[in-house]
Structure formats: C-alpha cells, structure tokens
Amino acid sequence: IVEKLHNYFPAAQIDLLVRKGNEGLLDDHPFLHETLIWNKKTNKNKNLFNVLKKIRRSKYDCVINLQRFASTGLLTAFSGAKEKIGFDKNPFSFLFTKKVKHNLSNGKHEVERNNELIAHITDSNLTKPVLYPSVENYREVKEYTNLYVCMMPASVWFTKQYPQDKWVELIDNFPAEYDIYLLGGREDETLCVQIKGMTSNKKVEVLAGKLSFLSSAALMKNAVMNYTNDSAPLHFASAVDAPVTSIFCSTIPGFGFYPLSSKSIVVETKEILACKPCSLHGLKACPLGHFKCARTIETSQLLAAIL
C-alpha cells in the first residue's frame with residue numbers, strides 16, 4: 001500500500017500505524033512521514049484511544065484499514081478523515097465511505113486483496129511489498145560472507161511451526177559446505193539454542209535475538225536459501241526478494257499468504273489429509289493430536305530446494 005501510494009502521490013504525507021514491537025521494520029523508511037505505534041500489551045484500550053486522538057488531530061484526507069478487526073475499525077470510522085476505506089468484514093465497515101469485499105476462498109494473495117482497497121485511486125496492478133534495510137543493516141551482517149542459509153524455526157502458533165526434531169533432522173542432513181544461521185526474535189532464542197544443541201552439525205550459529213528485523217532481512221537477502229514456517233519471516237523474504245522455502249503445516253497457500261520472492265518454493269505434506277487446513281491462523285495444538293500435516297513432510301522435500 002505504501003509503495004503504491006507513493007508512486008501515485010509522491011508528495012503525499014503517508015503515515016503507517018503498527019503494533020508496538022513492529023516499528024523496527026520501518027526504520028528510516030524513505031516514503032513514510034511518521035510511524036504511529038499502538039501499544040496493545042499494556043493499557044490496551046487507553047492507548048487505542050490515545051492513538052485515535054492523534055489520528056483525529058492529523059486531519060487525514062484518507063484512512064485505509066487493511067485489517068478486519070473491531071479495534072482498527074473504530075480508529076477508521078471515527079478518524080475524521082474525508083475518505084475511510086476498509087474491508088466489508090470489519091465490524092465498523094458500515095461507517096466507512098468505501099467498503100471492499102474480502103474473500104479468502106478466491107486464491108488471491110493478501111497483497112492483491114489489499115491493493116483492491118486503493119485500486120479506485122491508483123490502479124489494479126499488483127505492487128509487491130518492500131522493506132528497506134539500511135547501509136548500516138548490511139554492514140552489521142557483512143561478516144557472514146561464506147556460503148550460507150538462514151532458518152527461522154519459530155512461529156507464534158504451534159500448528160504453523162515445523163517440529164523442533166524435524167528442523168534438527170534437516171540440519172543434520174544439510175550439505176556440509178553451508179553455514180546455517182538460526183534467526184528469530186529474542187523470544188525465539190531458546191528454541192534456536194535447543195535446536196543447535198540437538199544437532200551434530202558444527203556449522204550452526206544462533207543469531208536469534210541478536211539482529212534487528214531489518215538486519216535479519218539484510219542477511220536473508222544474500223542467503224542461498226531461507227527456510228521459514230508460514231510466518232512473518234516468509235514475508236520479510238518477499239519484501240527483500242530473498243530466496244525462500246516456506247513450510248506450510250496446518251495452513252495452506254490458498255489462503256493468500258504464500259511467498260512473493262522471485263525464487264519461492266512452498267513445501268507441504270504429500271499426504272491427502274481431510275483435516276488440513278484446520279484453521280486460518282494456526283492453533284495452539286493439533287486438534288486431532290497427530291500433527292500429521294507437519295510430521296509427514298519429508299526432509300528430502302526441503303533439501304530439494306538447495307540441491
């Protein structure tokens with residue numbers, strides 16, 4: 001959305017609202033005037049209304065809501081903007097000036113669905129997401145110059161996360177000439193350390209919690225391959241056009257969150273499972289207890305991406 005709006009309205013002031021913790025993705029973004037931050041973890045509702053006050057003071061010409069949740073619907077509906085755009089599934093969409101149908105069953109990518117929100121003021125062509133690691137971000141990872149791959153083993157949702165022992169199996173069978181970097185946030189460091197401790201591969205280094213979002217993206221950009229779950233790092237790869245192999249366990253690419261990189265590979269189980277997909281966003285446990293959607297993915301499928 002930011003890319004497309006800047007292309008059409010280069011002189012426009014574009015602000016972007018994000019949840020606290022994600023603002024690092026937008027450091028020194030060349031097209032953004034301001035990054036607005038909503039802290040949801042403490043005083044959630046109070047902070048939401050503080051954000052609303054700031055939005056109303058800014059007197060925006062247009063507010064565009066990419067989410068389908070009541071909280072951002074409220075911000076949009078009462079923003080005071082001349083034009084209020086969002087998806088029809090938002091509970092406050094009846095107060096928007098323009099509603100766009102959101103359909104998860106048509107196979108479109110979420111980027112395409114988002115683009116439909118502004119097609120009437122831009123065009124209907126796909127514009128890919130872009131992140132902008134700085135010179136300093138690339139300098140931070142310049143020491144990692146050998147042949148390497150990155151692996152991001154963590155996910156917020158259990159049923160989206162390829163099992164720990166399966167990551168170990170992949171690493172143990174990985175070609176010896178590659179260095180392997182395990183990436184993630186601070187909350188993922190324990191998992192990555194455990195995986196490193198379980199593998200016999202001596203070329204594994206844990207960088208989880210040591211690199212910022214954009215420095216991680218810079219490292220991913222120059223990797224021979226990046227291995228991700230159906231999770232945020234998949235989209236980091238898309239936004240810097242890094243090669244990526246995405247592992248879809250309980251979810252499916254058909255929901256519209258598959259990778260957009262020039263070199264993209266999606267890996268799923270070869271078995272036909274009546275229970276897949278079991279949810280849109282993932283669950284805290286496999287409803288049937290067997291987790292076959294992940295357990296039946298073969299290591300050879302993942303190695304094929306590098307071989």
Side-chain angles (χ1 to χ4, degrees), residues 18 21-30 32 35 128-155 161-162 164 166-229 231-247 259-265 267 299 302-307:
V18 298
N22 291 339
E23 62 271 18
L25 281 168
L26 305 171
D27 286 346
D28 300 318
H29 194 291
L32 286 179
T35 302
K128 291 185 179 182
V130 183
L131 287 176
Y132 291 90
S134 66
V135 172
E136 181 57 37
N137 293 133
Y138 282 106
R139 186 180 295 121
E140 188 177 357
V141 297
K142 70 177 182 179
E143 65 184 276
Y144 307 110
T145 55
N146 294 334
L147 204 62
Y148 70 88
V149 299
C150 297
M151 297 184 185
M152 285 62 70
S155 173
Q161 182 170 298
Y162 197 50
Q164 179 175 311
K166 298 285 281 184
W167 284 106
V168 172
E169 182 179 327
L170 171 62
I171 294 170
D172 280 345
N173 287 279
F174 219 80
E177 62 266 31
Y178 292 97
D179 291 337
I180 299 173
Y181 300 120
L182 303 181
L183 299 181
R186 289 189 182 91
E187 67 278 10
D188 306 323
E189 185 176 1
T190 299
L191 171 64
C192 291
V193 169
Q194 289 174 348
I195 290 173
K196 179 179 179 179
M198 293 168 66
T199 179
S200 58
N201 191 322
K202 302 303 181 185
K203 300 187 75 174
V204 179
E205 184 173 352
V206 175
L207 296 179
K210 298 177 182 178
L211 298 177
S212 67
F213 282 145
L214 289 178
S215 292
S216 295
L219 185 67
M220 293 169 69
K221 171 73 174 175
N222 293 318
V224 176
M225 182 53 68
N226 296 281
Y227 288 89
T228 77
N229 297 297
S231 57
L234 178 165
H235 307 297
F236 293 2
S238 294
V240 293
D241 200 29
V244 61
T245 295
S246 305
I247 307 169
L260 293 173
S261 297
S262 301
K263 185 176 182 181
S264 302
I265 299 168
V267 174
T299 295
L302 300 176
L303 289 174
I306 199 77
L307 298 176

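The analysis underlying the following values was restricted to heavy atoms, covering all of them including side chains, and did not include hydrogens, waters or symmetry mates.
Expressed to the nearest 0.5 Å, how far CE of M152 lies from CG of D188 amounts to 11.0 Å. Expressed to the nearest 0.5 Å, how far CZ of F174 lies from CD1 of I180 amounts to 5.5 Å. One finds the SG atom of C150 at 13.0 Å from the NZ atom of K221 (value rounded to the nearest 0.5 Å). A distance of 5.5 Å separates CG of L207 from CG of L183, quoted to the nearest 0.5 Å. Rounding to the nearest 0.5 Å gives a distance of 9.0 Å between CG of D179 and CG of N201. Summarising the geometry, atom NZ belonging to K203 is positioned 7.0 Å from atom CG belonging to N146; distances are rounded to the nearest 0.5 Å.
Nearest heavy-atom pair, I306 versus Y227, reported as atom, atom and distance to 0.1 Å: CB-OH, 3.8 Å. Closest approach of L260 and P129 over heavy atoms only: CD1-CD, 3.9 Å. S246 and V244 get closest at one heavy-atom pair: OG-CG2, 3.7 Å. For the pair K263 and M225, the tightest heavy-atom approach, listed with the atom from each and the gap, is CE-CE, 3.9 Å. Between M220 and P233 the shortest heavy-atom distance is CE-O, 3.3 Å. C192 and L182 get closest at one heavy-atom pair: O-CD1, 3.4 Å.
Remark: R186 does not engage E189 in a salt bridge, criterion side-chain N to carboxylate O under 4.0 Å.
Of the possible donor and acceptor atoms, none in the side chain of T245 sits under 3.5 Å from a partner among the backbone N and O of I265. Without hydrogens or angle criteria, S261 side chain to A237 main chain gives a donor-acceptor distance under 3.5 Å. Between the side chain of N226 and the backbone N or O of L234, no donor-acceptor pair lies under 3.5 Å.
In this structure, the side chains of L191 and W167 stay at 4.5 Å or more apart for every pair of heavy atoms. Proximity of E205 to Y144: side-chain heavy atoms (C-beta onward) are separated by under 4.5 Å at one or more points. Annotation: side chain of N137 is not in contact with side chain of Y132 (no heavy-atom distance under 4.5 Å).
Other residues, nucleotides and ligands place more than 12 heavy atoms under 6.0 Å from the NZ atom of K128. Heavy-atom neighbours of N22 CG from other residues, nucleotides or ligands within 6.0 Å: above the threshold of 12.
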- Task: Determine, step by step, whether L131 and F213 satisfy the side-chain contact (heavy atoms from CB on, under 4.5 Å) criterion, reporting the C-alpha distance in whole Å, the side-chain angles of both residues, the deciding distance to 0.1 Å, and the verdict.
- Result: CA-CA 10 Å; L131 287 176; F213 282 145; over 6 Å; no
- Message: Does M151 form a side-chain contact (heavy atoms from CB on, under 4.5 Å) with L170? I'd like the steps, not just the answer.
- Response: CA-CA 10 Å; M151 297 184 185; L170 171 62; 3.8 Å; yes
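At a cut-off of 3.5 Å, with distance as the only test, no side-chain donor of E23 or T35 sits close to an acceptor on the other residue.
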